[in-house]
Structures are given as structure tokens and as C-alpha cells.
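Step one of this worksheet: look at the structure below.
All values below come from the heavy atoms of this structure, side chains included, with hydrogens, waters and symmetry mates left out. Since this is a predicted model, take the numbers as computed values, not measurements.
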Amino acid sequence: MNSTPLILPDPPSPPSFQPAVLFRLRPAGRRWPFAARAALCIGVPVLVGWIADDITAGLMATIGAFTVLYGSERPYRNRAIHLAAIAFSFTIAVTLGVGAADSPLLVVATVVLIAMVATFLCNALRIEPPGAYMFALACAAGTGMPIGHLTLLQIALLVLAGGLFAWLAHMAGALVSYRGPERVAVVTAAKAIARFAAAVGTADEDGSRHTAALAMHDAWTSLVTHQPASPQPDGALSHLRAINRELNLIFVDAVNAAATPNTSLSALADRAHVLAREAINTSDTERTDPRHVPLGHHGFLDSLREALRPWSQPLLVASRVGVAAAVAGAIGAALDLERAYWTMAAAVLILHQGLDWTRSLQRGIERTSGTMLGLILAGAILAIHPQGLWLVLTLMLLQFVIEMTVIRNYALAVVFITAAALTISAGGLPVPDVGHVLWVRGIDTFIGCAIGLVVLTITMPRTIAVRIPEEIVNTLAALQTTLDLASRGETTTGAARQARRDLQHRTIILLQAYDAAVGAAPWHRDAAERLWPAVVATQRLAYRVLSTCWSMEQAGADATSEKALVLFGPDGAKEVNHALAMLSSAIHVGRKPTPLGHVPEFLATEMQNLHDSFIHTGNRTAG
């Protein structure tokens, strides 16, 4: 069997703590419309509370108004349901927290429960940042506000009212550009594919290919997963799907460029840019065959089913959050720290996204340093004690700056997050001892961040890289299913589309597993780095199979069976199944694979390279 040697890109540099990050501004794109909307949603409830002569009630409603921070990239119809669920979740979290306020022990238990449930659901369902942190903070913050004059029902209605206003503000864009989010997703995918085409043959080829594939996956999620099962006739949506399908074919041509020397990569990049411009001004006439529309991310039930598997990442992260929040609450109570929820919130912040150890350390340092500076700003605001319209303007300005800086520099954003949180928690009332409050908040934050890092370090298994072999095995199983269907000429059936979706999903999860392992503590990192050749080879094989399926589909329904016979031959399916089963067994038990037998020619190079990468890894793959 002829094969080219496995030439690897350099593995991604392991992340490390970089003090310069505290001062660096990252690009964030056009943020001011979102920042202005967030500021409006925070300010209006306070303004209404001031007009009604109950500023505390207005500040309570702002907790529900944090609904505005979610769902900004979702299509409007899906966004409506998503934001309604977010608003109700805030209402439930705050109501439970306030209801438990009379018992410190019950408060801790309630915050722990809310933090764990929110963390699990946000990770399982891929809820965008700020994710679970805001729900835990909302639950805890409600227990510390001066709201004795409000009943539990009134509190729930106030939070829900704030969420309703945020829902309206977030949905207003549908009146201007109903398909705007879908257009943005397709344009993002087009630009990513253009960059991939330009990177083919360079050291950046593998990384840019994965980025482009992920952008395509996200675009199909916006165009399919986040759409109704049977959408009403809509020319714009249909046209965007057609554009995205063509982008998929450009991606296939770029993947296959090495095997087709006549392919013009510059022409592919130019065409992707043209399609990006076309997506901005979609027509209402073009239609796409539903059978040729891939599936995006897993839906609600499939995502929950996957997340509920033993030792899944969402379950692991939720468990860590629960332990850290409980420890933080217990320490806060033991030290008689006021409002121990701040300690618990800091611990949740470190862990809720499931970041690796290095990035969690970075986040902890950013949070602590930003909080210390934020306490100075918060002290000035509390000392001045703005009231009425001045309080409204202060909170709006703080929220605007937060949203303008949170992507550019998190540590800088925390300065204003701290000031806003303390201003809201004061309930519009004067703080008798500002210095004491600031001291307690600083201690709480430091303890909470430290607890989060300690819990992460203790619960991080020494064999952390074992997850990579498991994900390679899962990817090979998805490859086997996809190839079995493709060998029978099935590329557009429901089963085939689901298999291709699952293969793309497993490929993404595989790289995430590597990133998490290589970002672990330095003493856990070596095993992950040894597996880099196998990760790259598995990804390349997966993308070869996906591109082949697209090529078969492009040939048309009448020609797919004939093309499958040409590609696989009479025994190709059995040969591939045998080879994948052998490789899967080798990586699973950590032994050297047996020699690779004959496989169909179109898979020969990638299969041999995958086999050789396992030999290079040796019997240490089991961790």
C-alpha cells in the first residue's frame, strides 16, 4: 500500500499563565449595539422603581433583566423560546434563594443546588456565556438584598418583569432583520472557509480546517437545529441554506486539493468571499432540497442524553461546582463572613465553564485582581450614594462598559462588574460602613477563587489524558457508522445525515478533549502531548470521510450507488470495518496495532497514517 508519511503540524502550545494578558486588549468586533441594549435593560427597571418610589424593587427587577446577556447569536424564533426559559430560570433561582434566606444552612444548600443544576444544563445544552454563573449569582444575591417589605410573590414577579423587558429588547431586532443571525452565521462560515483555502499546504492547514468545519457546523445549527422542524416557506432561509451548501462543497474541494492538483485554492477562497457578500443580501426565490440540508448540533433531548452518561464532562463540571460551592459556603459561615454568597459565586465562576487548570488559574487571577481594583470604584460609588436618575445612569454606564470590555479584557471588565454588583446589592440604601463592606468582599473573592482552584486540582485525575483515547474510540465508531452507510450509497437519508452530524460532533469533541488535557497542570500534560499524532490523524481521516460523503451527494441520487461501488469495491465495507475495529481495540487497550490490511484506495493514506500514529504513541496511550 502506498502512503505518504504523516507530517504533523506542531501541537498547539500548552496554555500558560501570561501576566501580560491582564493588560492586553483583544479584538471584539462591533459590541456597542449589544452593550447599549444591555445598559438599557439594566437601567429601565431601576428607573421604573424610582418613579414608583421603590428603588429596591427596581434593583430586584434588574436581576431578571440579565436575561439580555443570553441568546444574541440565535435565530429570533428560537431566541424567543430560549430567552423565555432564561427569564423563568432567573425567577426560580431568585425566588428559591430569597425563600431560603431565613436559614444560613438552607441558603448554602440552595445556592449549591442552583449552581450544580445550572452548570450541568448550561454545559449540556451549550448555553452561551455568562452561562451558569449568573444563575448562581442571582440565587445568592437575592438573599442579601434589603427586600423585607416585599413578599415572595412580588419578588418573583419583579424578576420576571425584568426578564420580560429584556426579552422585548432582545427581540426588537426581528423587526429590522428577521434573518440577521442566520446571515451572520453563514458569513462567519464563509470567511473561515476562505481562510482555510488560503492555508492549505501551510503549517496552519489543520487548525484552519478545524476552525472552518466548526464554523460550518455552527452555521448549520443556526439554519437547521435552531429552526422549527417544519419551517414555513421562507425564501431567505432557503437561500441561506443553499449558500451554506455551496460553502460545504468549497470546503470539500479544499480538503481534497492535495489529491486534485488542478484545484485553484485562490479561486475557492474568492468564491467563499463572494458567497459571504451574497449571504448579507439573500433573495427570496431560491430553494434547497431538504434532503441536502445537513444537521447541526444535537437537539435538546440528544444533548441531555449524551450529558447524562457516566463521567460525562457536564456531570464532572457540575460535581466540581457543587463541591466548591459547598466548601466555600461552609468556610464563609465558619469565618462569619457577611453574605457568604460572594465566596460561593467566586468559586462557581472559576469552575462553571469547565476550563482546564491553566485557564482556570488565569481566570482566578483576572477575577481577583479586577475585583481589588473594582472595590476602589465601588467604594467611591457607595460613598457618593447616587440616587434617583443618578443611580440609573451609574448602573447603565457600568453595564455598558462591562459589555464593551468583557471580551477585550476580562480583568478590566471585572473592575466594573464588581462596582455594579455591589451597587445593586446595596438596594439603593446608604451603606453605613463602606470600608468594612469592601474588605469583606475582597476576602470573599480571594477565598472563593482559591477554593475553586483547589477543588479543580484535587478532582483532576492524574490520568487526565485517558479521555483522549476514549474520544478517539468514539470518533472511530462514528466513522464506522458513516462509512457503512456510504458504502451502500446512502448520503442523504435520515440515518446518513445523522451519522455525518455525529461524526462531525465527535471530531469537535476530540479536539476539545486534547485542549483540556494539554491545558492541565504541567505535571499532567505529557501524556496528552504524546497523543497529538493520533488526534491529528483521526481528524484528517474524519474530514476525508465527510468530504467524500459530500462528493457522493453532489453526484446526485441516481449516481451515488454507482460511485459507492467505485470507491469501496465489492469488499471495501468489510475491510474498513475490520481496520477500524482493530485500530479502536489498539487505542482502547493501549497496545501496538497489528499491520493494516487492504482498505479502499480513497482512505488508504489517512488510514495508514492513523495506524502509524498509534505505533508512534506506543502502549502508553492508556494513560
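Here the side chains of His210 and Leu511 are in contact, with some heavy-atom distance below 4.5 Å. Side-chain contact between Thr368 and Val414: absent, with no pair of heavy atoms (C-beta onward) separated by less than 4.5 Å. Side-chain contact check for Val117 versus Phe120: every heavy-atom pair is 4.5 Å or farther apart. For the pair Arg501/Asp302, a side-chain contact is recorded, criterion being any heavy-atom separation below 4.5 Å from C-beta on. Between Glu306 and His505 the shortest side-chain heavy-atom distance falls below 4.5 Å. For the pair Leu214/Ile508, a side-chain contact is recorded, criterion being any heavy-atom separation below 4.5 Å from C-beta on. Taking 4.5 Å as the limit, every side-chain heavy atom of Arg77 sits out of range of all side-chain heavy atoms of His226. Leu453 is listed as a side-chain neighbour of Ser360, based on a closest heavy-atom distance under 4.5 Å.
Side chain of Ser177 to main chain of Gly173: no donor-acceptor pair is present (N/O by atom type, distance under 3.5 Å, no hydrogens or angles). Between the side chain of Ser222 and the backbone N or O of Ala219, no donor-acceptor pair lies under 3.5 Å. When atom types are taken as modelled, the side chain of Trp167 and the backbone of Ala80 share a donor-acceptor pair closer than 3.5 angstrom. With hydrogens and angles disregarded, a donor-acceptor distance shorter than 3.5 Å links the side chain of Arg79 to the backbone of Arg74. Side chain of Ser312 to main chain of Ala307: a donor-acceptor pair is present (N/O by atom type, distance under 3.5 Å, no hydrogens or angles). At least one donor-acceptor pair under 3.5 Å links the side chain of Arg408 to the backbone N or O of Met404.
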Practice problem: Starting from the C-alpha separation in whole Å, work towards a yes-or-no answer on side-chain contact (heavy atoms from CB on, under 4.5 Å) for Asn474 and Ile509. | Solution: CA-CA 10 Å; Asn474 291 336; Ile509 296 298; over 6 Å; no
Quiz item: Going through the checks in order, is the side-chain contact (heavy atoms from CB on, under 4.5 Å) test met by Val94 and Cys139?
Solution: CA-CA 4 Å; Val94 174; Cys139 174; over 6 Å; no
Practice problem: Could you walk me through whether Glu73 and Arg183 pass salt bridge (charged side-chain N to carboxylate O under 4.0 Å, His left out), step by step? | Solution: CA-CA 10 Å; Glu73 296 181 355; Arg183 288 191 177 93; over 6 Å; no
Quiz item: How far apart are the C-alpha atoms of Ile155 and Thr151, what are their side-chain angles, what is the distance that settles it, and do they pass the side-chain contact (heavy atoms from CB on, under 4.5 Å) test?
Solution: CA-CA 6 Å; Ile155 291 169; Thr151 67; over 6 Å; no
Exercise. List the steps, then state whether side chain to side chain donor-acceptor pair (under 3.5 Å) holds for Ser208 with Arg195.
Key: CA-CA 7 Å; Ser208 60; Arg195 286 192 293 270; over 6 Å; no
Quiz prompt | Derivation and outcome, side chain to side chain donor-acceptor pair (under 3.5 Å), residues His352 and Asn123 | solution = CA-CA 8 Å; His352 77 100; Asn123 281 276; 5.9 Å; no
Self-check item: Step-by-step side chain to side chain donor-acceptor pair (under 3.5 Å) determination, Gln313 to Gln512
Solution: CA-CA 11 Å; Gln313 187 71 358; Gln512 290 175 345; over 6 Å; no
Practice problem: List the steps and the verdict of side-chain contact (heavy atoms from CB on, under 4.5 Å) for Leu164 and Leu160. | Solution: CA-CA 6 Å; Leu164 175 61; Leu160 190 59; 5.7 Å; no
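Nearest heavy atom pair, residue Ala413 against residue Val406, reads CB-CA, 3.5 Å. Closest approach of Ala156 to Thr95, counting heavy atoms only: CB-OG1, 3.4 Å. Taking all atoms of both residues into account, the shortest heavy-atom contact from Ile350 to Gly452 is CG2-C, 4.0 Å. Considering every non-hydrogen atom in both Gly364 and Cys449, the closest pair reads O-SG, 4.1 Å. Closest non-hydrogen pair, Leu510 versus Glu471, comes out as CD1-CB, 3.9 Å. Between Arg31 and Ile407, the shortest heavy-atom contact is NH1-CD1, 3.5 Å.
The CG atom of Asn248 sits 13.0 Å away from the CD1 atom of Ile243 when rounded to the nearest 0.5 Å. Note that OG1 of Thr119 is 12.0 Å distant from CD1 of Ile127, once rounded to the nearest 0.5 Å. If you take CZ on Arg363 and CG on Leu351, they are separated by 11.5 Å, rounding to the nearest 0.5 Å. Note: Leu375 CG to Thr445 OG1 = 6.5 Å, rounded to the nearest 0.5 Å. To the nearest 0.5 angstrom, Ile86 atom CD1 is 3.5 Å from Phe135 atom CZ. Distance check, rounded to the nearest 0.5 Å: CH2 of Trp220 to CG of Leu247 gives 8.5 Å.
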Can I get a per-line list of side-chain donor-acceptor pairs under 3.5 Å for residues 35-44, giving both atom names and the distance, sequence neighbours left out?
none

Atom pairs and distances, side-chain donor-acceptor, residues 55-70, under 3.5 Å, sequence neighbours left out:
residue: Thr56; atom: OG1; partner: Gly427; partner atom: O; Å: 2.8
residue: Thr62; atom: OG1; partner: Leu59; partner atom: O; Å: 2.4
residue: Thr67; atom: OG1; partner: Gly64; partner atom: O; Å: 2.7
residue: Tyr70; atom: OH; partner: Gly131; partner atom: O; Å: 2.6

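Not counting sequence neighbours, Ala109 has no partner by the side chain to side chain contact (heavy atoms under 4.5 Å, CB included) test. Applying the side chain to side chain contact (heavy atoms under 4.5 Å, CB included) test to Met116 and every residue at least two apart in sequence or in another chain returns Val112.
Using a 30° and 60° split on the angle between ring planes, Tyr178 and Tyr76 fall in the parallel class, below 30°.
In this structure, a donor-acceptor pair under 3.5 Å is present between the side chains of Glu278 and His239.
Cation-pi check for Arg367 over Tyr410 is not met; the charged atom does not lie both under 6.0 angstrom from the ring centroid and within 45 degrees of its normal.
Applying the side-chain hydrogen bond (donor to acceptor under 3.5 Å, both in side chains) test to every pair with at least one member in residues 80-90, sequence neighbours left out, gives these pairs: His82-Glu128. Under the side-chain hydrogen bond (donor to acceptor under 3.5 Å, both in side chains) criterion, the residue pairs touching residues 388-402 are Gln399-Glu403, with sequence neighbours excluded.
Counting non-hydrogen atoms of other residues, nucleotides and ligands closer than 6.0 Å to CZ of Phe34 gives a total above 12.
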